[in-house]
2 protein chains.
Amino acid sequence: MKFLIVEDDSDLNDILYDYLKDTFKEALINQVYDGETALELFHENTYDLILLDVMLPGISGFDVCKEVRESNNTPIIMLSALSDDENQIRGYDLGIDEFVKKPYSPKLVIKKVEAVLQRYDTTDNSGLKVYGLLKYDLAKCKVYRDFKELDLNNKEWKLFNLFIHNKGIVLSRDTILNKVWGYEYFGDERTLDTHIKRLRKKLGDTSSYIKTVYRIGYKFEK
Amino acid sequence: MKFLIVEDDSDLNDILYDYLKDTFKEALINQVYDGETALELFHENTYDLILLDVMLPGISGFDVCKEVRESNNTPIIMLSALSDDENQIRGYDLGIDEFVKKPYSPKLVIKKVEAVLQRYDTTDNSGLKVYGLLKYDLAKCKVYRDFKELDLNNKEWKLFNLFIHNKGIVLSRDTILNKVWGYEYFGDERTLDTHIKRLRKKLGDTSSYIKTVYRIGYKFEK
DNA sequence: ATTATTTGTCAAAGATTTGTCACTTATTAA
DNA sequence: TTAATAAGTGACAAATCTTTGACAAATAAT
């Protein structure tokens, strides 16, 4: 289990560290104090979860979140201070998983961490993994089939990432739209289908892994 | 599901009502037009969620929010007038769950309602359960018999789901129709039978779990 | 500024599910 | 035992949903 704590208040940072360490005995925990360092580490590592303060020196937690989401769906729990501005407030639109308002009880944070991890595939996310005929590296945002890299664009990667984190689980069209496109999307009903079509095409032989669940959505499964 | 709409503009209030009613068919919805009445109702009822306008005659939405928070954590979605960032910040400090700026699309409001409810939903449906020769996972919408997954379609799953939640209990035809088809269903008498037939077929050896209760309905039992 | 790539829209075609119906079979009260 | 009512069934039709290609719009790259 690997966590990243992004919190400029070093006392708070330490408190979170202690609680996490206590709950996940063997966890690896990185502590950083600003957004730039957070992103650096994020791109070099694969975390199971990120605890992210909104108010940071330099780039904001909001921006960190945005950049993380460009890459993948690493679970993010946002810690919001009392006087946040509008953008930060709308973290949910960016695909964060939980919001905890300061001043928070560390216990509550831990509870949310556990809840979020339970929702996700909790196995270690780092390195190359195999699923059926596919290989993928979540940290590097790469997918391979027959030793060839599939060149996925942003939307396709987001879709794939969502699927891989929810193997065997039926995802409703709404869920997919919300996770990949965000709450504010009210576009054409058929857009999702089109993107599924494109991802399937790139998946080639393995396109059948994306199963249509009639009237509900899709499911990713061998 | 029980909602409270607090909005002094009666047109807007009605629009919200309609959309909620449409999305949560069986919801109970109270409509009020000022803060005082809202609080009265709040203290007499338990709501799943409150839609709260900021600008109200008499006491403001904020005051309502404050008083609600002194009692409990009922989810609150606030509706604020345009470009009212200050208020948003205040709202989040008071522990509201989402903010929607006017003029808002009712669809967005509904999406936020769904998201908030999902966030609060603590029912644990995960994990494989066993019933007789069947295994099922409510979260994943899956049923297995002899290690093989039964490929149920939407209606069949709804039926199965209803049965599994009412093991050993006789469900009248009316109840089933209402729960699976919704209150407004006035279709053919034989439709339910047909669907039971189809579900039984897929259940194979375990089809006898669905027992006919003559003149009344069905019962799901080993 | 031009070109390439990605993303979104749409309508027609293809699939699946769901509803209907006529008819058969089962149940039960008298 | 039978008449009356209820439930089951297969075949078909209707409704609904998904796929797909072609194209347009938006965005990124050169």
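Here is how names work: the chains are called A, B, and so on, in the same order as the sequence lines, proteins then strands, and each is numbered from 1.
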Identify, with sequence neighbours excluded, every residue that meets side-chain contact (heavy atoms from CB on, under 4.5 Å) alongside B:Thr194. B:Lys197, B:Arg198
Can you check the A:Leu177 CG to C:dT9 P distance for me, whole Å? 11 Å
Ring centres under 6.0 angstrom apart (A:Tyr131, A:Phe220): yes
Whole-Å gap separating P (D:dG10) and CZ (B:Arg200): 13 Å
My understanding is that only residues two or more places apart in sequence, or in another chain, count here; which of them pass side-chain contact (heavy atoms from CB on, under 4.5 Å) with A:Asp188? A:Arg190, A:Thr191
Can you list the residues that meet the side chain to side chain donor-acceptor pair (under 3.5 Å) rule with B:Asn161, with sequence neighbours excluded? none
For A:Lys135, enumerate each residue passing the side chain to side chain donor-acceptor pair (under 3.5 Å) test, keeping only those at least two apart in sequence or located in another chain. none
Quick one: list whatever passes side chain to side chain donor-acceptor pair (under 3.5 Å) with A:Lys222, sequence neighbours left out. none
What's the CG-C1' distance between A:Asp193 and D:dT16, to the nearest Å? 13 Å
Test side-chain contact (heavy atoms from CB on, under 4.5 Å) applied to B:Leu162 - qualifying residues, sequence neighbours left out: B:Asn166, B:Leu171, B:Ile176, B:Lys179, B:Val180
Whole angstroms only, please: what is the CG-P distance between B:Asp174 and D:dA6? 13 Å
Rounded to whole Å, please give me the gap between CD1 in A:Ile216 and P in D:dC17. 11 Å
Can you list everything that forms a side chain to side chain donor-acceptor pair (under 3.5 Å) with B:Asp18? Sequence neighbours excluded, please. none
Nucleotide by nucleotide, nucleotides 14-20 of chain C touches protein heavy atoms under 4.0 Å in the pattern (B base, S sugar-phosphate only, - none) -BBSBBB
Applying salt bridge (Lys or Arg N to Asp or Glu O under 4.0 Å) as the test, list every pair that has at least one member in residues 154-171 of chain B; sequence neighbours left out. B:Glu156-B:Lys202
List for me each residue that meets side-chain contact (heavy atoms from CB on, under 4.5 Å) alongside B:Ile216, sequence neighbours excluded, and say none if there are none. B:Val170, B:Ser172, B:Val213
Determine to 10° how strongly the helix from C:dA1-D:dT30 to C:dA30-D:dT1 is bent, judged from the axes of its five-pair ends. 40°
Using the 3.5 Å cut-off, write out each protein N or O paired with an N or O of nucleotides 26-30 of chain D and the distance between them.
none

